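In this text the structure is predicted, and so the values were computed from the model without any measurement.
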Amino acid sequence: MKFADFKPGMVFKQGPYHLTKEEMLDFAQRYDPQWFHIDEERAKQDRWGGLIASGWQTCGIAMKLAVEACLKDSESFASPGLDVVKWLKPVRPGDDLYWQGTIKATRTSNTRPGIGIMLWSWEVRNQNEDVVLELDATSLFDLTTKS
């Protein structure tokens, strides 16, 4: 999709993404090596009752699904950041994750000609329909790009 095609109220969906234990452990060992992400025995004995995925991995999976759903062939080039990130329930090995993005607003920049700005909310659910991630994102689009 192109920036001009995104309209407030549009909803995009993508998934499932199946998260394996091996992938979860690899990510955690490399980027978020906290015990509840990498020590299966200790995690079983504590509040989580088993391993849980890093929230940062969940965000990365959400990004992959957003690209697959609607950003892949767009003029999207960056994001200045997120307004809200909430990890509401743990993601576990073997979970299937489903992404949904809802466009809140689009506009062109008042100060940077040729830049489109999109505000949208993301939600990721697991196979049980539990919401595991919510975030509000801003995406920037280069409207001078020739396709």
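Residues meeting the side-chain contact (heavy atoms from CB on, under 4.5 Å) test with Leu19, sequence neighbours left out: Tyr17, Glu23, Met24, Ala53, Gln57, Ile61, Val91. Arg47 meets the salt bridge (charged side-chain N to carboxylate O under 4.0 Å, His left out) test with no other residue; sequence neighbours excluded. Annotation: side-chain contact (heavy atoms from CB on, under 4.5 Å) contacts of Glu123 (sequence neighbours excluded): Arg125, Val131, Glu134. In terms of the side-chain contact (heavy atoms from CB on, under 4.5 Å) criterion, residue partners of Glu40 (sequence neighbours excluded) are, by chain and number, Lys21, Lys44, Leu51. Among residues two or more places apart in sequence or in another chain, the salt bridge (charged side-chain N to carboxylate O under 4.0 Å, His left out) test is passed with Lys64 by Glu68. Residues meeting the ring pair (Phe, Tyr, Trp, His ring centres under 6.0 Å) test with Phe6, sequence neighbours left out: Phe12, Phe141. Partners of Asp73 according to the side-chain contact (heavy atoms from CB on, under 4.5 Å) rule, which considers only residues two or more places apart in sequence or in another chain, do not exist here. Remark: Asp26 engages Arg30 in a salt bridge (charged side-chain N to carboxylate O under 4.0 Å, His left out) (not counting sequence neighbours). Contacts of Asp46 classified as side-chain hydrogen bond (donor to acceptor under 3.5 Å, both in side chains), with partners at least two apart in sequence or in another chain: none.
With a 4.5 Å cut-off on side-chain heavy atoms, Ile117 and Leu140 count as touching. The shortest distance between side-chain heavy atoms of Ser54 and Tyr31 does not fall below 4.5 Å. Between Leu133 and Val85, some side-chain heavy-atom pair lies under the 4.5 Å cut-off. Contact check for Phe3 versus Thr106: side-chain heavy atoms found under the 4.5 Å cut-off.
In this structure, the separation between NZ on Lys89 and OG1 on Thr58 is 14.5 Å, given to the nearest 0.5 Å. Taken to the nearest 0.5 Å, the NZ atom of Lys2 stands 11.0 Å off from the OG atom of Ser76. For the atom pair Asp136 CG and Leu82 CG, the distance stands at 8.5 Å (nearest 0.5 Å). Atom CD of residue Glu75 and atom CE of residue Met1 lie 10.0 Å apart, to the nearest 0.5 angstrom.
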Show which side-chain atoms of residues 95-105 pair as donor or acceptor with protein atoms under 3.5 Å away, not counting sequence neighbours.
residue	atom	partner	partner atom	Å
Asp95	OD1	Gln127	NE2	3.0
Asp95	OD2	Arg92	N	2.9
Asp96	OD1	His18	ND1	2.8

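Chaining together hydrophobic side chains whose heavy atoms lie under 4.5 Å apart places Trp35 alongside Phe36, Trp48, Ile52.
Put simply, the side chain of Ser79 gets close to the backbone of Thr138: a donor and an acceptor are under 3.5 Å apart.
The ring-ring contact (aromatic ring centres under 6.0 Å, His included) contacts involving residues 75-96 comprise Trp56-Trp87, where partners must be two or more places apart or lie in separate chains.
Put simply, Phe27 and Met63 are part of the same group of oily side chains (I, L, V, M, F, W, Y) that touch within less than 4.5 Å, one to the next.
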